[in-house]
Peer 1: 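My structure is below; once you've seen it, I'll send some questions.
The figures here come from the full heavy-atom set of this structure, side chains too, leaving out hydrogens, waters and symmetry mates. Chain identifiers are assigned alphabetically (A, B, ...) following the order of the sequence lines, protein sequences preceding nucleic acid strands; residue numbering begins at 1 within each chain.
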2 protein chains.
Amino acid sequence: MSNHDPDLSLLFHALADPTRRAMLTRLAAGPAQVTELAGPTGLRLPTVMRHLAVLADAGLVSTAKDGRVRTCALNPQALAPIRGWLDEQRAIWEARLDRMDSYVLALMKDRKE
Amino acid sequence: MSNHDPDLSLLFHALADPTRRAMLTRLAAGPAQVTELAGPTGLRLPTVMRHLAVLADAGLVSTAKDGRVRTCALNPQALAPIRGWLDEQRAIWEARLDRMDSYVLALMKDRKE
DNA sequence: GTCATGGTTAGACATTTGGCTAAGTGTTGC
DNA sequence: GCAACACTTAGCCAAATGTCTAACCATGAC
């Protein structure tokens with residue numbers, strides 16, 4: 001079970017904020033510099049930088065500075081653990097449904113006898 | 001774009017905590033009462049109740065009280081919006097890759113001429 | 001009726017979060 | 001050189017989070 005995975009907590013926490021999700025969506029369309037990223041949010045630069053730090057911490061974006069401009073890019077494979085967790089949960093859930101199915105089948109069989 | 005969706009924020013926030021994820025995993029295997037849910041976490045009941053409230057708020061679990069025991073059950077379809085958002089992001093990302101592809105193809109064509 | 005059980009409410013507390021301003025630092029353009 | 005630009009750092013603040021204890025219902029078993 002991967003519930004104590006700090007990765008997952010960082011990822012989910014990073015995604016729990018609309019501003020950060022908007023930044024990711026913007027970056028999915030291609031790299032951008034910080035000011036460009038800040039524009040649509042209406043937030044001040046330091047605030048945006050902190051969101052950016054959260055995203056970077058979760059491994060969702062990587063940034064590099066060239067001259068005075070920092071360019072940010074999405075790391076799409078960083079979302080993989082989330083899909084993984086979702087699939088895990090679904091597997092458990094479906095295993096349970098299967099168990100219930102066979103239980104019900106057994107009950108019906110019993111009734112026929 | 002569904003980034004301002006409060007649902008998503010609630011969902012991601014609910015999933016950002018290992019304790020809550022563990023509770024969900026437990027519930028994926030079948031319903032449980034609160035004390036049962038609290039057991040493995042080592043946390044006090046009021047704390048667990050608050051986690052439960054967060055999960056319920058996100059629509060991830062539903063609970064009902066019968067006599068003095070409250071039974072909690074998973075709401076697996078509540079995870080759907082997350083898959084949806086993930087797919088959305090991937091679509092944007094892939095559209096971008098496609099654009100890059102055709103750009104490169106165009107470049108190569110130009111060079112041949 | 002009384003006592004244990006299972007949950008609930010209320011409040012306290014330290015930490016984290018999300019926002020800000022103000023004052024830097026390093027680059028680039030003229 | 002110097003001004004504008006693109007961050008960066010430091011520090012403030014209110015609100016939210018995750019935990020706890022202590023006291024309070026309500027139900028079920030005797």
Side-chain angles (χ1 to χ4, degrees), chain A residues 3-27 30-74, chain B residues 3-27 30-74:
Chain A
N3 287 322
H4 298 283
D5 197 340
D7 270 27
L8 273 180
S9 294
L10 284 180
L11 275 174
F12 280 125
H13 171 243
L15 296 178
D17 184 288
T19 301
R20 287 195 288 266
R21 285 199 302 279
M23 287 167 72
L24 284 182
T25 302
R26 163 67 190 79
L27 288 178
Q33 60 187 73
V34 180
T35 317
E36 203 179 334
L37 226 42
T41 69
L43 296 174
R44 302 294 181 177
L45 264 197
T47 308
V48 171
M49 300 281 287
R50 284 176 66 165
H51 282 302
L52 213 41
V54 172
L55 291 171
D57 234 50
L60 285 164
V61 311
S62 43
T63 78
K65 197 159 181 181
D66 177 26
R68 67 182 165 178
V69 36
R70 176 175 297 280
T71 304
C72 314
L74 182 65
Chain B
N3 287 319
H4 298 282
D5 197 341
D7 270 26
L8 272 179
S9 294
L10 284 180
L11 275 174
F12 279 125
H13 171 243
L15 296 177
D17 185 288
T19 301
R20 286 194 289 264
R21 284 199 303 280
M23 288 167 70
L24 285 182
T25 302
R26 164 65 191 81
L27 288 178
Q33 61 187 75
V34 179
T35 318
E36 203 178 334
L37 226 42
T41 70
L43 296 174
R44 302 297 182 174
L45 262 199
T47 308
V48 172
M49 300 281 288
R50 284 177 65 161
H51 282 303
L52 213 41
V54 172
L55 291 171
D57 233 50
L60 284 163
V61 311
S62 44
T63 78
K65 197 159 181 181
D66 177 28
R68 67 181 164 177
V69 36
R70 176 175 296 280
T71 304
C72 314
L74 183 63

Peer 1: In this structure, how many angstroms lie between the P atom of dG6(C) and the CG atom of Leu37(B), rounded?
Peer 2: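 Distance, rounded to whole Å: 14 Å.
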
Peer 1: Could you check which of dA6(D), dT8(D), dC20(C) has an atom nearest any side-chain atom of Arg70(A)?
Peer 2: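 Of all the options, the side chain of Arg70(A) is nearest to dT8(D).
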
Peer 1: Are side-chain heavy atoms of Ser9(A) and Arg21(B) found at a separation under 4.5 Å?
Peer 2: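 With C-beta onward as the side chain, the pair touches.
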
Peer 1: Within less than 4.0 Å of OP1 or OP2 of dC7(D), is there a side-chain N or O belonging to Thr35(A)?
Peer 2: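 Checking Thr35(A) against dC7(D): at least one side-chain N or O falls below 4.0 Å of OP1 or OP2.
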
Peer 1: May I have the distance from Asp57(A) (atom CG) to dG18(C) (atom P), rounded to whole angstrom?
Peer 2: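 Atom-to-atom, Asp57(A) to dG18(C), this comes out as 13 Å.
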
Peer 1: Taking Arg20(B) for its side chain and Leu15(B) for its backbone only, find out whether a donor-acceptor pair lies under 3.5 Å.
Peer 2: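 Absent.
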
Peer 1: Give the nucleotide from the list dT17(C), dT19(D), dA6(D) with an atom nearest to the side chain of Thr47(B).
Peer 2: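 So the nucleotide nearest the side chain must be dT19(D).
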
Peer 1: What nucleotide, of dC7(D), dG19(C), dT19(D), holds the atom closest to the side chain of Val34(A)?
Peer 2: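 Minimum distance to the Val34(A) side chain belongs to dC7(D).
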
Peer 1: Nearest whole Å is fine: how far is dT9(D) C1' from Leu45(A) CG?
Peer 2: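 Checked: the CG to C1' distance equals 13 Å.
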
Peer 1: Looking only at the side chain of His13(A) (C-beta and beyond, no hydrogens), which of the listed nucleotides dT8(D), dG19(C), dG18(C) gets closest?
Peer 2: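 Nearest nucleotide to the side chain: dG18(C).
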
Peer 1: Measuring from Leu24(B):CG to Thr19(B):OG1, what's the distance to the nearest 0.5 Å?
Peer 2: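 With rounding to 0.5 Å, CG (Leu24(B)) is 11.0 Å from OG1 (Thr19(B)).
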
Peer 1: Measure the OG1-CZ distance between Thr41(B) and Arg26(B) for me, rounded to the nearest 0.5 Å.
Peer 2: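 Interatomic distance, Thr41(B) OG1 to Arg26(B) CZ, rounded to 0.5 Å: 12.5 Å.
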
Peer 1: Rounded to the Å, how far apart are Leu52(A) CG and dG18(C) P?
Peer 2: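 After rounding, the reported distance stands at 14 Å.
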
Peer 1: Between C1' on dG19(C) and CG on Leu43(A), what's the gap in Å once rounded to a whole number?
Peer 2: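 Atom-to-atom, Leu43(A) to dG19(C), this comes out as 8 Å.
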
Peer 1: Mind calculating the distance between CZ (Arg44(A)) and C1' (dA22(C)) to the nearest angstrom?
Peer 2: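 Whole-Å distance recorded here is 12 Å.
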
Peer 1: If you pin Ala16(A) and Asp66(A) to their nearest nucleotides in DNA chain C, which one's is more 5'?
Peer 2: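 The residue closer to the strand's 5' end, by nearest nucleotide, is Ala16(A).
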
Peer 1: So, the side chain of Arg70(B) versus the backbone of Val34(B): is there a donor-acceptor pair under 3.5 Å, distance only?
Peer 2: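 No, because the side chain of Arg70(B) does not come within donor-acceptor range (under 3.5 Å) of the backbone of Val34(B).
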
Peer 1: Of the candidate nucleotides dT28(C), dC20(D), dC7(D), which contains the atom at the shortest distance from the side chain of Lys65(A)?
Peer 2: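 Nucleotide nearest to Lys65(A)'s side chain: dC7(D).
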
Peer 1: Start at the 5' end of DNA chain D and walk down; is the nucleotide closest to Thr71(A) or to Arg50(A) reached first?
Peer 2: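 Looking at the nearest nucleotide for each, Thr71(A) comes out on the 5' side.
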
Peer 1: Measure from CZ on Arg21(A) to P on dG18(C) and round the result to the nearest Å.
Peer 2: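 In whole Å, dG18(C) P lies 12 Å from Arg21(A) CZ.
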
Peer 1: Tell me which nucleotide among dA6(D), dG18(D), dC20(D) gets nearest to the side chain of Arg20(B).
Peer 2: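 That would be dG18(D).
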
Peer 1: Would you mind reading off the distance between Gln33(B) atom CD and dG28(D) atom C1', rounded to a whole angstrom?
Peer 2: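 About 13 Å, once rounded to whole Å.
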
Peer 1: Could you tell me whether the phosphate oxygens of dT17(C), OP1 or OP2, come under 4.0 Å of any side-chain nitrogen or oxygen in His51(A)?
Peer 2: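 His51(A) to dT17(C) OP1/OP2: no side-chain N or O under 4.0 Å.
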
Peer 1: Whether Arg68(A) contacts dT8(D) is assessed here as follows: a side-chain N or O lying under 4.0 Å from the phosphate OP1 or OP2. Is that the case?
Peer 2: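 No, Arg68(A) has no side-chain N/O under 4.0 Å of OP1/OP2 on dT8(D).
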
Peer 1: As a test of reading the structure: which of dA10(D), dG19(C), dG18(D) is closest to the side chain of Pro46(A), going by heavy atoms?
Peer 2: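 Within the option list, the nearest is dA10(D).
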
